[in-house]
Amino acid sequence: MDQITFDYNTVLSDVHMLLPNSRHLMTRLNSVGQPGRFIYIFTSKFEILSDTERHDQKDSLTKENSDTETQVVKQKDGEEVGESTVESGLDEDGDFDITRRPRKNTTGDCHRDIICPVILKQSNTSTLLQELDAEDEADDSFDGVIRIEHTMATPLEDVGKQVWRGAFLLADFLLSKPLMFKAATVIELGAGTGLTSIIMATIAKRVYCTDVGEDLLSMCKKNITLNEDMIERAGGEVRVKQLDWLKSDLCTDSDVEFRWTEEEVADIHDNASFIIAADVCYDDDLTDALFRTIYRLCSNFVHACTIFISLEKRLNFTIREMDVSCEAYNHFRHCLSQLEDLVDGQCSYTVEQLPCTFPQFLRYERIEQLELWKVTTKRVPADQAKS
Ligand SMILES: C[S@@+](CC[C@H](N)C(=O)[O-])C[C@H]1O[C@@H](n2cnc3c(N)ncnc32)[C@H](O)[C@@H]1O
């Protein structure tokens, strides 16, 4: 039997881990395929809930959350075994297998039974396109369902090929504010698989969905194609473009597939009024580069710009602190403060954390560590701007 090995820097998004009835992550990855000799690509569907479904979900959650522990114990082996808080045992490989008690969720929107995605298929890259094309013909309109091609468990440099919970939080926020984004021109930074851009394109006029890496951008473009019915029906448009925070200019090189045309550069300059980014602050150097990019873009835009950034505070125990902390989050907050304190630019910036009380349109665990931040820019009048 193949040995399962994960590199020290392999990460797996909770979105893909917390599927319903997944008893044991390794067992599950074993059965569906995992990174290694082949790169497996999955296509998952994510439902946008209808009004009725959202109400039903809310009602059942209110009821279920009142006895979460009993529910969890039931989930594991199908019968009620009492109210123990942690259940343990050995799995087939002899590993200690523990079902943890979920923390109570303050928003009341959390229950593992509701977690999606549903994996539609897995494939290695060579056969994927043919299979998807055939399937597209058979079933080309998923009403209210987004299909996303992604991988599972990637090295850190490929995290964009998975879907992260921050993408859902931001998508929920967009869906809760259709009037705000109606007819807007929007840039998404670090878009990954493109899920949030696709949602945004069902509301806005044009979304520039940006990231780095040709293979990631190709996967993202494929996802736009998979969902183009939904996007077209809404009258929106997504353009997948390369935008590397570590570079100061937008790439217009004619030999780069995801380059910007002169018209597109002019379009964002003249018309962009929103920047969105989901789960993009996990490395201090990249966070610095992200904020430099935001600053550069906003300074060049004709219109004042509003930026929405979602993130998940990932707490870790560190020897240095001898405590749980989230250094990446602390650095993000530091960058926000620096932006707010900036007085010598062409814009002034106001920062605000938004309450995550907007409705949940997509199925995921809206844990309390998910946050949404809003940065508003205001142009500094010419006579007050310092050079
Ligand atoms: C954790 S993923 C989030 C992806 C997606 N927004 C989501 O929430 O599912 C972080 C994203 O930041 C992107 N990223 C990292 N470094 C970048 C850079 N220098 N320029 C642009 N994007 C970058 C990654 O490629 C990846 O797509």
Side-chain angles (χ1 to χ4, degrees), residues 9-17 42 44 46 116-117 146 148-174 186-201 207-224 238 240-251 256 258-260 275-297 307-314 326 328-329 331-332 335 362 364-367 369-373:
N9 73 344
T10 301
V11 288
L12 173 66
S13 165
D14 294 82
V15 169
H16 307 309
M17 186 157 62
F42 298 81
S44 297
F46 301 96
C116 266
I146 298 184
I148 294 292
E149 192 177 297
H150 60 89
T151 59
M152 237 190 258
T154 56
L156 261 180
E157 57 270 23
D158 276 339
V159 285
K161 292 178 183 163
Q162 301 182 57
V163 183
W164 298 87
R165 265 194 295 230
F168 287 109
L169 184 79
L170 186 53
D172 270 347
F173 176 72
L174 307 179
V186 181
I187 300 177
E188 178 170 12
L189 300 175
T193 59
L195 181 133
T196 314
S197 280
I198 292 167
I199 295 280
M200 181 56 117
V207 184
Y208 289 96
C209 171
T210 74
D211 211 300
V212 277
E214 229 163 85
D215 50 344
L216 173 59
L217 291 169
S218 299
M219 177 180 261
C220 182
K221 194 168 178 188
K222 174 75 191 175
N223 285 330
I224 308 306
V238 181
V240 179
K241 297 285 152 191
Q242 178 165 306
L243 196 161
D244 185 347
W245 314 328
L246 297 168
K247 305 225 166 101
S248 50
D249 294 317
L250 299 177
C251 174
V256 174
F258 296 100
R259 69 184 170 276
W260 296 74
I275 296 174
I276 56 171
D279 206 342
V280 284
C281 297
Y282 49 92
D283 171 285
D284 292 358
D285 291 339
L286 287 178
T287 303
D288 287 340
L290 171 82
F291 274 81
R292 280 197 301 272
T293 300
I294 290 173
Y295 173 75
R296 266 196 303 267
L297 288 170
I307 302 124
F308 294 101
I309 304 173
S310 69
L311 57 87
E312 180 172 337
K313 237 196 261 182
R314 296 188 178 93
C326 183
Y329 177 77
H331 190 72
F332 165 73
C335 290
L362 291 144
Y364 64 104
E365 270 187 321
R366 194 185 279 183
I367 56 170
Q369 288 79 15
L370 285 170
E371 293 188 359
L372 182 62
W373 289 81

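Counting starts at 1 for both ligands and their atoms, following the listed order. Just so it is clear, the values below take in all heavy atoms, side chains as well, and ignore hydrogens, waters and symmetry mates. Predicted, not measured: the structure shown is a model, and the values here were computed from it.
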Would you please classify the geometry between the Tyr364 ring and the Phe168 ring as parallel, tilted or perpendicular, with 30° and 60° separating the classes? parallel
In ligand 1, the atoms that come under 4.0 Å of a heavy atom of Gly160 are 26 (C), 27 (O)
My understanding is that we take every heavy atom of each candidate and find the minimum distance to atom 13 (C) of ligand 1. Doing that for Leu243, Asp211, Asp244, which one comes out nearest? Asp211
Show which atoms of ligand 1 fall inside a sub-4.0 Å distance from at least one heavy-atom site of Gln162. 9 (O)
Report the part of Ala277 in contact with ligand 1, treating N, CA, C, O as backbone and CB onward as side chain, heavy atoms under 4.0 Å; options are side chain, backbone, both, neither. neither
Kindly say whether Cys220 contributes a backbone atom to a donor-acceptor pair with the side chain of Thr193 at under 3.5 angstrom? no
What part of Leu286, side chain, backbone, both or neither, has a heavy atom within less than 4.0 angstrom of ligand 1? side chain
Show me which atoms of ligand 1 lie under 4.0 Å from any heavy atom of Gly192. 4 (C), 27 (O)
With a 4.0 Å cut-off on N to O distance, would you call Asp211 and Lys161 a salt bridge? no
Numbered atoms and elements of ligand 1 in range of Ala191, under 4.0 angstrom, heavy atoms: 5 (C), 6 (N)
Do any N or O atoms from the side chain of Asn223 and from the backbone of Glu149 form a donor-acceptor pair under 3.5 angstrom? yes
Do me a favour and list the nearest non-hydrogen protein atom to atom 1 (C) of ligand 1 with residue, atom name and distance? Asp279 O, 3.1 Å
Look at atom 6 (N) of ligand 1 and find which of Ala289, Gly190, Ala167 reaches it with the closest heavy atom. Gly190
Evaluating non-hydrogen atoms only, which member of Tyr282, Trp164, Trp245, Phe168 is closest to atom 10 (C) of ligand 1? Tyr282
Between the side chain of Gln242 and the main-chain N/O of Leu250, is any donor-acceptor distance below 3.5 Å? no
Phe308 and Phe173 aromatic ring geometry - parallel, tilted or perpendicular at 30°/60° bounds: tilted
Within the structure, is a non-hydrogen atom of Glu157 found at a distance of less than 4.0 Å from ligand 1? no
So, the side chain of Asp279 versus the backbone of Leu311: is there a donor-acceptor pair under 3.5 Å, distance only? no
Option among Glu312, Glu371, Arg314, Gln369 that satisfies the side chain to side chain donor-acceptor pair (under 3.5 Å) test with Tyr329: Glu371
Can you confirm, on distance only, whether ligand 1 has an N/O atom lying under 3.5 Å from any N/O atom belonging to Ala278? yes
